[in-house]
Amino acid sequence: RIRRIDASRARALPGVHAVLTAADVPYQRPLGVGKDQLPLKGDKVRSLRDEIAAVAADTEAIAEAALKLIEVDYEDLPPLTDPAEALKPGAPVIHGEKLPAPAPHDALKPGEPGDAEAHRHNVAMTFDYAQGDVAVGEAESDVVVDDWFRLHYVTHCCMGVSGVIAEFDRSGNLTLHSNTQVPFLHKREFAEILGMDPGRIRIIQPPIGGGFGSKLDIYPFEPICVFLAKATGGGVHRVADAPAGAAPAAQRRQKRRDADVPGLRDAARQRRVHVLGRDDAVRDDADDQLALPGAALQVPHDRRLHEQ
């Protein structure tokens with residue numbers, strides 16, 4: 001838990017134009033698929049990558065030096081490092097606080113992602129999906145393997161790293177140079193997050209240098225750059241390091257997956273199998289908020305046989 005942030009020494013450093021914390025941008029709105037995080041965090045640090053302060057300076061070296069001058073006082077909270085433990089009664093709640101309301105057309109009903117009640121049991125979101133007859137599939141099978149599987153952390157390794165340049169003109173219009181994969185969706189989502197008329201936002205998309213899905217969502221560093229541009233009155237850019245830029249990424253988290261896999265033997269065709277998910281569960285490991293949903297593939301039983 002963040003008890004106190006003192007950025008006075010960083011603000012006094014020559015060459016620094018702005019230092020922002022959550023207290024400086026009370027107009028923040030939640031972002032991400034689950035609408036469960038603010039760009040700058042002011043209450044808790046829930047993972048290594050959580051952003052709590054941002055600096056705009058003349059050079060990268062000055063900005064790095066200013067960041068080291070920011071003093072933060074933390075209160076240790078009990079950690080959660082296993083998804084199964086997180087679902088047990090009495091487990092610490094990662095998201096128990098109400099966040100500011102999302103943009104109007106993204107307003108959430110009670111219990112949906114982004115609402116505090118939805119996260120009360122450390123469940124970010126649920127999906128109900130059914131196809132075919134699971135009982136028939138199991139009855140036709142010679143064996144049913146019921147086990148859990150762990151998928152390791154994965155992130156995209158694009159030749160072109162993520163980056164953004166933000167600048168306001170004298171009329172308050174925002175121009176963003178962003179290597180997003182979806183400039184028109186970016187324009188709409190930035191309008192929602194910033195509370196701006198989308199007609200006053202221009203997205204310029206250079207060659208993105210690869211994406212593979214990693215540049216579909218809006219990540220906290222992008223609105224943070226916008227906040228800094230507004231505070232300084234000038235252009236602010238942020239470009240991720242490579243490969244260090246992948247370290248705080250949130251695209252594909254570790255997972256534990258519980259699944260039943262029934263198998264059917266056919267002597268004439270050697271081996272064919274049904275694959276289905278009965279009480280199939282995908283649990284994210286040790287993550288704090290959702291950017292993109294995890295990459296889990298479900299192949300439902302539909303009475304057709306698939307060769308292994």
Side-chain angles (χ1 to χ4, degrees), residues 2-29 31 37-74 158-180 186 190 193-196 200-209 215 218-250:
I2 301 172
R3 288 175 171 171
R4 179 183 63 89
I5 302 177
D6 185 354
S8 57
R9 294 172 62 206
R11 292 189 172 103
L13 187 68
V16 170
H17 293 268
V19 179
L20 298 180
T21 66
D24 300 306
V25 280
Y27 49 86
Q28 293 188 98
R29 283 179 169 173
L31 48 78
Q37 63 167 317
L38 298 174
L40 285 168
K41 287 69 177 175
D43 57 347
K44 293 180 183 177
V45 174
R46 297 175 176 85
S47 81
L48 179 65
R49 69 170 180 273
D50 274 4
E51 303 83 355
I52 61 172
V55 173
D58 287 332
T59 67
E60 183 177 344
I62 295 174
E64 292 283 356
L67 287 173
K68 294 177 181 178
L69 295 175
I70 298 174
E71 299 177 6
V72 184
D73 180 23
Y74 295 104
C158 311
M159 294 295 289
V161 296
S162 295
V164 66
I165 304 173
E167 186 173 12
F168 286 91
D169 65 18
R170 293 182 179 180
S171 299
N173 300 308
L174 173 63
T175 298
L176 284 169
H177 290 77
S178 170
N179 56 358
T180 172
H186 239 44
F190 266 107
I193 292 171
L194 301 173
M196 291 181 61
R200 304 188 68 180
I201 299 176
R202 182 187 182 196
I203 306 289
I204 299 176
Q205 180 197 50
I208 67 174
K215 297 169 183 174
I218 290 179
Y219 298 100
F221 76 86
E222 295 168 292
I224 288 173
C225 279
V226 175
F227 300 156
L228 288 170
K230 188 173 184 179
T232 62
V236 174
H237 83 275
R238 186 269 189 187
V239 178
D241 295 330

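We use all heavy atoms of the structure for the numbers below, so side chains are in, but hydrogens, waters and symmetry mates are not. Given the structure is predicted, the values throughout are model-derived calculations rather than measurements.
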How long is the span from the [atom1] atom in [X] to the [atom2] atom in [Y], to the nearest 0.5 Å?
| X | Y | atom1 | atom2 | value |
| --- | --- | --- | --- | --- |
| K41 | Q28 | NZ | CD | 8.0 Å |
| Q37 | R49 | CD | CZ | 7.0 Å |
| I70 | T21 | CD1 | OG1 | 8.5 Å |

Between [X] and [Y], which heavy-atom pair has the shortest distance, and what is it?
| X | Y | value |
| --- | --- | --- |
| F221 | S162 | CZ-CB, 4.0 Å |
| I208 | T180 | CG2-O, 3.5 Å |
| A63 | A57 | N-CB, 3.7 Å |
| L31 | I218 | CD1-O, 4.1 Å |
| D50 | R46 | OD2-N, 2.7 Å |
| A56 | V236 | CB-CG2, 4.4 Å |

| field | Flag side-chain contact, heavy atom, 4.5 Å: F190 against M196 | value |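 A side-chain contact is absent here, since even the closest heavy-atom pair is not under 4.5 Å.
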
| Does one side chain, of H186 or E222, offer a donor that lies under 3.5 Å from an acceptor on the other? |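 A donor-acceptor contact under 3.5 Å links the two side chains.
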
| field | Test item: R3 side-chain N/O and D73 main-chain N/O as donor-acceptor pair under 3.5 Å | value |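 Not confirmed, R3 side chain does not pair with D73 backbone.
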
| message | With a sphere of 6.0 Å drawn around CD of E60, does it hold more than 12 non-hydrogen atoms of other residues, nucleotides or ligands? | response |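 No.
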
